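Residue numbers run from 1 in the order of the sequence given. Computed from a prediction, not measured in an experiment: that's the story for all the values here.
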Amino acid sequence: MVFDVLVEVRLRPGIADPQGATIERSLPTLGYDGVTGVRVGKAIRFTLDAADEPAARAEVEQLCTRFLTNPVIEDALVSMEPGR
């Protein structure tokens with residue numbers, strides 16, 4: 001089976017986010033006064049061929065831990081659906 005995978009990588013709570021802070025400080029000058037809590041992350045999209053969904057999830061989790069994230073400071077949110 002083929003799966004479409006989206007991995008959203010986010011800094012863990014309590015980890016400083018200088019990019020997010022810079023964006024948040026800039027928004028009021030652009031007329032966006034009500035925006036707070038800006039955090040910057042990254043999105044990684046790919047397709048994966050696996051025997052079934054549990055096998056695909058296990059492989060993606062391993063990818064996240066070993067390569068796609070820094071598990072000390074980042075968390076990953078995985079979304080997966082059967083490929084088209």
How far does [atom1] of [X] sit from [atom2] of [Y], to the nearest 0.5 angstrom?
X     : Y     : atom1 : atom2 : value
Arg57 : Leu48 : CZ    : CG    : 11.0 Å
Asn70 : Cys64 : CG    : SG    : 12.5 Å
Asp33 : Thr36 : CG    : OG1   : 11.5 Å

Hydrophobic cluster membership, [X] vs [Y], 4.5 Å side-chain cutoff:
X     : Y     : answer
Leu68 : Val40 : no
Ile73 : Val38 : no
Val5  : Leu77 : no
Val72 : Val7  : no

May I ask you to test the [X]-[Y] pair for a side-chain heavy-atom distance under 4.5 Å?
X     : Y     : result
Asp49 : Thr47 : no
Val9  : Ile44 : yes
Glu53 : Met80 : yes
Val35 : Ile23 : no
Lys42 : Glu74 : yes

Taking every non-hydrogen atom, the tightest pair across [X] and [Y]:
X     : Y     : answer
Thr69 : Ala76 : CG2-CB, 3.9 Å
Val78 : Glu61 : CG2-OE2, 3.7 Å
Ala56 : Phe3  : CB-CD1, 3.7 Å
Asp52 : Ala55 : OD1-N, 2.9 Å
Ala43 : Leu6  : CB-CD1, 3.9 Å

| request: Start with the C-alpha gap between Leu11 and Arg39, add the side-chain angles, then the distance that decides, and say whether side chain to side chain contact (heavy atoms under 4.5 Å, CB included) holds. | output: CA-CA 8 Å; Leu11 289 170; Arg39 305 283 285 176; 3.4 Å; yes

| message | Could you check whether atom CZ of Phe46 has more than 12 heavy atoms from other residues, nucleotides or ligands sitting under 6.0 Å from it? | response |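 Result for CZ/Phe46: enclosed.
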
| said: So for atom CD, which belongs to Glu8, do other residues, nucleotides or ligands contribute more than 12 heavy atoms lying within a distance under 6.0 Å? | reply: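 Yes.
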
| field | Candidate pair Asp75 and Arg12, rule salt bridge (Lys or Arg N to Asp or Glu O under 4.0 Å), full reasoning | value | CA-CA 6 Å; Asp75 289 323; Arg12 289 184 175 207; 3.0 Å; yes

| field | Short side-chain to backbone donor-acceptor contact, Thr65 and Gln62, under 3.5 Å | value |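 A pair under 3.5 Å: no.
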
| query | Just by distance, do the side chain of Glu24 and the backbone of Gly37 share a donor-acceptor pair under 3.5 Å? | reply | yes

